[in-house]
Amino acid sequence: MRLEIPKVVVRVDLGEYAPELKGQAFYVWVNPTLDILRKHNELVKENDGDGLNAWYAVIWSQGENGTRWTVEEILALQEQDPAFLAWMIRETWDRRSEHIAKKKRS
């Protein structure tokens with residue numbers, strides 16, 4: 001029997017960062033493949049900022065149509081509000097951890 005595990009994508013309301021953004025969202029792919037996770041570790045070890053931005057663009061582009069991210073958009077966010085981008089990255093890993101914890105409890 002072959003089991004296909006679907007992508008699990010979680011909606012994160014940006015209102016959690018700032019009330020002014022309530023209702024807007026980004027989407028986090030919380031169960032990326034092992035190869036994709038390994039790629040992240042390589043990029044961190046290499047301190048490859050451009051590669052990491054591209055990696056997050058993939059992780060944040062698995063949601064509904066119209067919610068895709070580009071590296072240019074991520075760089076623009078970093079320019080506008082570096083704390084916001086840091087928050088998005090933290091939320092990404094927090095949501096992944098929550099997903100894993102739910103699976104362990106089940």
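Start at 1 with the first residue, then count along the sequence.
With sequence neighbours left out, the salt bridge (charged side-chain N to carboxylate O under 4.0 Å, His left out) criterion links Arg95 to Glu16, Glu91. Partners of Ile89 according to the side chain to side chain contact (heavy atoms under 4.5 Å, CB included) rule, which considers only residues two or more places apart in sequence or in another chain, are Tyr56, Trp60, Leu85, Trp93. Every residue meeting the side chain to side chain contact (heavy atoms under 4.5 Å, CB included) condition with Asp35, not counting sequence neighbours, appears here in chain and number order: Thr33, Arg38.
With rounding to the nearest 0.5 angstrom, the CG atom of Asp48 is 13.0 Å from the CH2 atom of Trp55.
Side-chain atoms of Thr92 and Phe26, non-hydrogen and from C-beta on, do get closer than 4.5 Å to each other. Side chains of Lys39 and Val58 form no contact here, defined as non-hydrogen atoms less than 4.5 Å apart. Taking 4.5 Å as the limit, every side-chain heavy atom of Trp87 sits out of range of all side-chain heavy atoms of Asp94. Looking at Ile59 and Trp69, their side chains never come closer than 4.5 Å, going by heavy atoms from C-beta outward.
Val71 and Ile36 fall into different hydrophobic clusters, defined by Ile, Leu, Val, Met, Phe, Trp and Tyr side-chain heavy atoms under 4.5 Å apart, directly or through other members. One hydrophobic cluster, built from ILVMFWY side chains closer than 4.5 Å, cannot hold both Leu75 and Leu52; they sit in different ones.
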Practice item. Kindly indicate, with the supporting measurements, whether the criterion side-chain contact (heavy atoms from CB on, under 4.5 Å) is fulfilled by Lys102 and Val30. Key: CA-CA 12 Å; Lys102 286 179 192 174; Val30 294; over 6 Å; no
Point to revise | Worked check of side-chain contact (heavy atoms from CB on, under 4.5 Å) between Val10 and His99 | key: CA-CA 9 Å; Val10 176; His99 172 73; 5.8 Å; no
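The two residues Arg68 and Gln62 make their nearest non-hydrogen contact at NH1-C, 4.1 Å. Among all heavy-atom pairs drawn from Leu21 and Asp13, the shortest one is O-OD1, 4.1 Å. What you find for Asn53 and Ile74 is that their closest heavy atoms are O-CD1, 3.3 Å. Residues Arg11 and Gly23 share a closest heavy-atom pair of NH2-O, 3.1 Å. Heavy atoms only, all atoms of each residue included: Pro6 and Asn31 are closest at O-ND2, 2.9 Å.
The neighbour count for Asn41 CG, taken as heavy atoms of other residues, nucleotides or ligands under 6.0 Å away, is above 12. Within a 6.0 Å radius of CD in Glu79, other residues, nucleotides and ligands contribute 12 heavy atoms or fewer.
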